[in-house]
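Everything on this sheet refers to the single structure shown next.
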Amino acid sequence: MKITVTGSLGNISKPLTQLLVQQGHHVTVISSQPERQKDIEALHAHAAIGTLEDADFLRNALQGADALYAMVPPSFTAADQRSWYQETGRRYAAAIKAAGVRRVVFLSSMGAHLDAGIGIILGAHDVESIFNDIPGISVTHLRPGYFYYNLYGFMDTIRKLGHIRASYGEQDMIELIAPADIAVVAAEELEATPAATPAIRYIVSDERTCNEVAAAIGKAIGQPDLQWRRCSREQTLADCLEKGIPENVAVNLVDIFANIHSGDFAADYRKHQPIPLGKIKLEDFAQEFAAAFRHGN
């Protein structure tokens, strides 16, 4: 198959490209960074250098493709992140129709079943709807859970306060995901027999309470008594702003955190269980966290 992959050589797109090439597919990787071309070609893939904001480039990059792995890169400079998602989704839709692509796998998010109060994930909700309205294609929406690497954002808090702090925590359950596990599922879906109606596939590597996450990380970094304490929405917002996160992004994050605490974030995922879990477990990630923590990252 001829498959176009977006996301450059990111945490998901790089292992996905490697898997697809190993399976004998002809892969084109879209990247906005010219310096990535040699790295893409080193994977025996073709590099298409340009930006998703360029409708003509995107249409040309999809010409001849049998399938597309589509993701929307976050924009931390966009004043309205939901509008950014919508505009990118519409450009994708126009390019997919013009190029005649028939199979699309979209990186959405757990929580995208909600139509309000879920921060930036509302953008993923909207793009799902945009893709569902494209005639003549088979689309699968991937809804991964809480990325392990989000936990890196707590390193400074652990160093300064000796504990993890957020407006979700303690006995709240989080559905954890590793990018490599997403890549495996994305490759499976790109190769799958196309479905007649839009499909949703949830992806989770491990399921733990926040207390269990703190215990695993604490053990790995030599702080076995590490705790994950819940704090107010206002405190969490202040913590985000102190880290230099733009206010509009921070507000979106705090909305997501509220849905994690309430259980709404994973409510639709729970309705679809049992779902096989991925290979990369919390304890595996905790070792990576510990190595980064020791090196002051």
Side-chain angles (χ1 to χ4, degrees), residues 10-12 73-78 81 109-111 117-122 144-182 204-266 278 280-297:
N11 292 320
I12 300 169
S75 173
F76 297 113
T77 59
Q81 293 183 313
S109 173
M110 191 174 290
I118 194 64
I120 193 174
I121 295 175
L122 287 172
Y146 180 109
F147 282 77
Y148 281 119
Y149 59 65
N150 290 335
L151 296 168
Y152 287 129
F154 292 119
M155 281 191 176
D156 286 343
T157 305
I158 294 171
R159 292 189 181 103
K160 292 177 181 178
L161 302 180
H163 60 261
I164 298 171
R165 179 171 74 184
S167 52
Y168 63 104
E170 300 173 359
Q171 288 302 114
D172 292 341
M173 182 69 71
I174 48 179
E175 296 73 26
L176 300 152
I177 184 64
D181 283 337
I182 298 175
V204 173
S205 301
D206 208 349
E207 296 178 303
R208 301 294 184 92
T209 67
C210 292
N211 283 341
E212 290 172 331
V213 171
I217 288 176
K219 180 179 178 180
I221 65 174
Q223 297 183 28
D225 296 326
L226 183 68
Q227 297 180 358
W228 188 321
R229 300 177 185 173
R230 280 197 61 231
C231 63
S232 68
R233 176 189 177 95
E234 292 73 21
Q235 182 63 66
T236 300
L237 180 59
D239 288 346
C240 290
L241 296 175
E242 184 179 346
K243 293 174 184 176
I245 298 172
E247 185 171 2
N248 64 320
V249 178
V251 170
N252 277 322
L253 287 174
V254 173
D255 285 344
I256 295 170
F257 298 165
N259 279 274
I260 293 174
H261 174 60
S262 70
D264 291 343
F265 179 73
I280 301 173
K281 302 305 178 186
L282 172 61
E283 286 73 19
D284 301 320
F285 172 76
Q287 296 306 312
E288 297 179 19
F289 186 99
F293 190 81
R294 287 192 293 269
H295 287 87
N297 294 347

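Small disclaimer: the values here were computed from a predicted structure and weren't measured.
Ala216 and Leu282 make their closest contact through CB-CD2, 3.6 Å (heavy atoms, listed as atom of the first residue, atom of the second, distance). The two residues Ser167 and Ser232 have their closest heavy-atom pair at CB-O, 4.0 Å. The two residues Thr236 and Cys231 come nearest to each other via the heavy atoms OG1-SG, 3.3 Å. When all heavy atoms are compared, the tightest approach of Arg165 to Gln235 is NH2-NE2, 3.2 Å. Shortest non-hydrogen contact noted between Ala286 and Ala220 is O-CB, 3.4 Å. Scanning all heavy atoms of the two residues, the minimum distance from His163 to Leu226 falls at CA-CD1, 3.7 Å.
Although no hydrogens or angles enter the test, the distance criterion places no donor-acceptor pair under 3.5 Å between the side chain of Arg230 and the main chain of Gln171. Panel note: side chain Asp255, backbone Ile120; no donor-acceptor pair is recorded below 3.5 Å. Proximity of a side-chain donor or acceptor of Ser205 to a complementary backbone N or O of Ala178 within less than 3.5 Å is detected. A donor-acceptor distance shorter than 3.5 angstrom exists from the side chain of Gln81 to the backbone of Ser75, with no hydrogens or angles considered. The main-chain N or O of Asp156 is never found under 3.5 Å from a side-chain atom of Lys243 such that the two would form a donor-acceptor pair. A donor-acceptor pair under 3.5 Å links the side-chain atoms of Tyr148 to the main chain of Ile280, judged by distance alone. A donor-acceptor pair is defined here as one N or O able to donate and one able to accept, closer than 3.5 Å; no such pair exists between the side chain of Trp228 and the backbone of Glu212.
For Lys219, the NZ atom counts as loosely surrounded, since its 6.0 Å shell holds 12 or fewer non-hydrogen atoms of other residues, nucleotides or ligands. Summarising the local packing, CD of Glu170 is surrounded by more than 12 heavy atoms from other residues, nucleotides or ligands at distances under 6.0 Å.
Checked against the 6.0 Å centroid threshold, Phe285 and Phe147 do not count as a close aromatic pair.
Rounding to the nearest 0.5 Å gives a distance of 5.0 Å between NZ of Lys160 and CD of Glu242. In this structure, CD1 on Ile221 lies 4.5 Å from CD1 on Ile158, to the nearest 0.5 angstrom. Rounding to the nearest 0.5 angstrom, the gap separating the OH atom in Tyr149 from the CG atom in Leu176 is 13.0 Å. How far CG of Asp239 is from CD1 of Ile245: 9.5 Å, rounded to the nearest 0.5 Å. For the atom pair CG (Asp172) and NE2 (His261), the distance works out to 5.5 Å, reported to the nearest 0.5 Å. Between the CD1 atom in Ile121 and the CD1 atom in Ile256 there is a gap of 4.0 Å [rounded to 0.5 Å].
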Audit row: Leu151, Tyr146, side chain to side chain contact (heavy atoms under 4.5 Å, CB included) steps and yes/no: CA-CA 9 Å; Leu151 296 168; Tyr146 180 109; 3.6 Å; yes
Derivation of the side chain to side chain contact (heavy atoms under 4.5 Å, CB included) call for Leu237 and Val251: CA-CA 7 Å; Leu237 180 59; Val251 170; 4.2 Å; yes
Audit row: Arg208, Glu283, side chain to side chain contact (heavy atoms under 4.5 Å, CB included) steps and yes/no: CA-CA 11 Å; Arg208 301 294 184 92; Glu283 286 73 19; 2.9 Å; yes
Check against side chain to side chain contact (heavy atoms under 4.5 Å, CB included), Val204 and Met110: CA-CA 10 Å; Val204 173; Met110 191 174 290; 3.7 Å; yes
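Relative orientation of the Phe289 and Tyr152 rings is parallel, given thresholds of 30° and 60° on the angle between their planes.
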